[in-house]
Structures are given as C-alpha cells and as structure tokens.
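Note: hydrogens, waters and symmetry copies are ignored here, and every other heavy atom, side chains too, is used. The residues of the chain are indexed from 1 along the displayed sequence.
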Amino acid sequence: MFGIGTQELVLILIVALIVLGPRKLPDVARAIGKALREFQRVFRSLDEENEPRRPQDTWDSGPDSPTSPPKGDSEPPAA
C-alpha cells in the first residue's frame, strides 16, 4: 500500500491522533475516504471516455482474431 509498511502506518496514525485528537480523527478519516472514492470515480469515468470504441457488429480480420480460422486447419484446394 503506497510502499508504507505496518510500522510506518501505525506511526502515522499515532501522530494523527495526537494532532487531531480523538474526536476529530473519525471525521477526518471519513472525509479522506469520501475524497478517495470520488477520485476513483472520476478517474474511472475518464478511463471509460478515453477508451477507443468499436462497434459490436464489426469483424476483426487480424491474424490473432478469434473469428479468423486457426492456422493449419484449412482444407487443401480442390484439384
């Protein structure tokens, strides 16, 4: 989690408890959680907007396409 170990996390929580006090700490933690969720929602929507869109009814004819026939399974030409 962000390169922070257990000891560092405990130290950060103790300092936050001393600085903020036991009454404000839950409110601050709740506000931070809401902000993180909002950031994740915004970034997720940005990712969806920037993702290239393909129509569902088009066929990809590339060599790795799941719709192209497998190599070596084609029948030999009729003579």
Side-chain angles (χ1 to χ4, degrees):
M1 181 172 115
F2 305 115
I4 298 175
T6 306
Q7 293 176 343
E8 291 91 355
L9 188 60
V10 169
L11 181 65
I12 290 169
L13 290 174
I14 290 172
V15 170
L17 184 62
I18 292 170
V19 171
L20 298 173
R23 292 185 183 178
K24 285 200 171 205
L25 190 60
D27 295 333
V28 171
R30 195 173 298 118
I32 290 172
K34 285 181 183 179
L36 287 175
R37 278 193 301 272
E38 183 67 21
F39 283 131
Q40 287 176 348
R41 186 186 64 79
V42 168
F43 286 129
R44 203 174 303 126
S45 69
L46 288 175
D47 281 344
E48 289 173 359
E49 287 178 8
N50 291 331
E51 199 171 288
R53 304 214 183 261
R54 280 183 34 180
Q56 294 294 327
D57 58 347
T58 61
W59 294 87
D60 185 11
S61 59
D64 295 332
S65 172
T67 58
S68 62
K71 296 176 183 173
D73 287 346
S74 60
E75 295 180 19

Colleague: Determine which pairs satisfy side chain to side chain donor-acceptor pair (under 3.5 Å) with at least one residue from residues 3-13, sequence neighbours left out, and list them in order.
Modeller: none

Colleague: Any idea which heavy atoms bring Leu9 and Ile4 closest together, and the distance?
Modeller: N-CG2, 3.7 Å

Colleague: Which other residues belong to the hydrophobic cluster containing Leu46, where Ile, Leu, Val, Met, Phe, Trp and Tyr are joined when side-chain heavy atoms lie under 4.5 Å apart, directly or via other members?
Modeller: Phe39, Val42, Phe43

Colleague: List the atom pairs, donor and acceptor, that lie under 3.5 Å between side-chain atoms in residues 13-33 and the rest of the protein, sequence neighbours left out.
Modeller:
{"from": "Asp27", "atom 1": "OD1", "to": "Arg30", "atom 2": "NH1", "distance (Å)": "3.1"}

Colleague: Could you tell me which residues satisfy side chain to side chain contact (heavy atoms under 4.5 Å, CB included) with Arg37, sequence neighbours excluded, listed by chain and number?
Modeller: Lys34

Colleague: Restricting to side-chain hydrogen bond (donor to acceptor under 3.5 Å, both in side chains), what partner residues turn up for Glu38, sequence neighbours left out?
Modeller: Arg41

